[in-house]
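The shown structure was predicted, so the numbers you read here are calculated from the model rather than taken from an experiment. Every number for a ligand or one of its atoms is a count from 1 in the order of the listing. All heavy atoms count here, side chains included; hydrogens, waters and symmetry mates do not.
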Amino acid sequence: MQRYIDEVDPLCVERAAGARFFDVDGRSYLDANSSWWVSTLGHNHPRLVEALARQAGRLCHVSLAGVTHEGAAKLGEELVAIAPPGLVKVFYSDDGSTAVEVALKLALQMWQNEGRPQRRRFVALDGAFHGETIGAASLGGVEVFRRPFAGVLMECIHVPPPEGDAPEDAGYARAFEALEKLLAEGSDTIAAVVLEPLVQGAAGMRMYDAAYLRHARALCDRYDVLLVIDEVFTGYGRTGAMWASTRAGVAPDLMCLAKGFSGGMFPMAATLATGRVFDAFLGAPERAFYYGHSFCGNPLGAAIAREVLAIFREEEIVAKVQPKAARITKAFAAMREIPGVVRSRSLGMIGALDLSKGAAYLGELGWKVYVEARKRGAYLRPLGDVVYVAPPLTIPDDELETLLGIVEESVRAALG
Ligand SMILES: *Cc1c(COP(=O)(O)O)cnc(C)c1O
């Protein structure tokens, strides 16, 4: 905070459209991270603005307590229709953190209702990020986010993520073994394994092969542990498929959605659950899930979220991402050659460079690149020593070229 007060000159943004935002001085910036991974359809998509205005004229808010409305009901149906198989129920909340919080509470209470209350520990990956509430932060494996609250967090066992370039590598075998050993010995006390599928975003865009997800699914089945997949970042086309889970051929027991859920227009989220999870809450009143946020199923958010799905269908967003993703892959592979770049990787609409070994979150190198990129008209917020792009999926080809050019020039300027 001290440094922020002393040094930071924040961009004061006045308006935004597509992949750009404009500051009060009339300068424009390409939004390299979709404003924290949220504005996946670009800023102020005209159809989303229109859907918001239309809904606002009719109904802005009503609780989902003995009440429903068309938007919440239809959205639930539409989500279930395209979700990975087995996910048949939808619980609405406000943002990624609460979507995860809901999943944790559902898992804990499901085991209680099933007569196994000792199953209350969670398993997550080193470097995991699942949100900011105390529950979601308990899963977190980024030390600086966790340390101040360590004394009050829920019990979570962290296991090493797979490391290496391919599932045959020793780093995968180690990760498989660690998870297997943990579940074999401790499944009686474990409620769920929680994973960011294919990409650990906040850890520095660490990517891993789908084989690990399939392995985790098989182990969770064998030991009857729930698998929670947090698609808050990866969902809605980011990895080049609608869901990273389906890209990997895996269906979770609970799936968390937010960020792209409402296309950068509104804080709203959902947790999807299987029939098995849902059924555990039937019966006597004390078995019910007493949990509801005031904005649960908000009509404005529901209208926008439905329009997001309509845009994905009608504008074939996922198909149109493929050539753009190929462009990112090619550009980031080439940037591996820049002196000082330690590693490069890409998946779907994500490209990342490590500027140091270990790529520390409190590293300074990414911020040097940030300064250079800002001069050149791009907002390229790093994750410490990791520089990455995760632009709107709809970024026009010429703007994507411009952005990739700015990344390369800025990295060269900062490291040169
Ligand atoms: C951002 C993020 C969250 C938290 O979402 P918020 O909307 O910021 O609360 C949870 N999980 C993952 C994987 C995320 O990337």
Under 4.0 Å from a heavy atom of [X]: which atoms of ligand 1 are those, numbered in the order shown and with their elements?
{"X": "Asp230", "answer": "10 (C), 11 (N), 12 (C), 13 (C)"}
{"X": "Phe233", "answer": "15 (O)"}
{"X": "His130", "answer": "10 (C), 11 (N)"}
{"X": "Gly131", "answer": "4 (C), 10 (C)"}
{"X": "Gly96", "answer": "4 (C), 5 (O), 6 (P), 7 (O), 9 (O)"}
{"X": "Lys259", "answer": "1 (C), 2 (C), 3 (C), 14 (C), 15 (O)"}

(request) Report the relative orientation of the aromatic rings in Phe91 and Tyr291; use parallel for angles under 30°, tilted for 30 to 60°, perpendicular for over 60°. (result)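 Phe91 vs Tyr291 ring planes: tilted.
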(request) For the pair Phe129 and Phe145, name the ring-plane relationship: parallel under 30°, tilted 30 to 60°, perpendicular over 60°. (result) perpendicular
Between the side chains of [X] and [Y], is a donor N or O closer than 3.5 angstrom to an acceptor N or O?
{"X": "Glu132", "Y": "Ser97", "answer": "no"}
{"X": "Asp230", "Y": "His130", "answer": "yes"}
{"X": "Thr234", "Y": "Glu196", "answer": "no"}

(message) If we check salt bridge (Lys or Arg N to Asp or Glu O under 4.0 Å) with Glu399, which of these qualifies: Lys324, Arg20, Arg327?
(response) Arg20
(request) Using a 4.0 Å heavy-atom threshold (strictly under), name the region of Trp37 that reaches ligand 1: side chain, backbone, both or neither. (result) side chain
(request) Determine whether the side chain, the backbone, both or neither of Ser97 has a heavy atom under 4.0 Å from any heavy atom of ligand 1. (result)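 Contact part for Ser97 vs ligand 1: both backbone and side chain.
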(request) Considering only NZ, NE, NH1 and NH2 on the basic side and carboxylate oxygens on the acidic side, decide whether Glu364 and Arg3 come within less than 4.0 Å. (result) yes
(message) Against ligand 1, does Glu196 come closer than 4.0 Å with any heavy atom?
(response)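 Under 4.0 Å: yes for Glu196.
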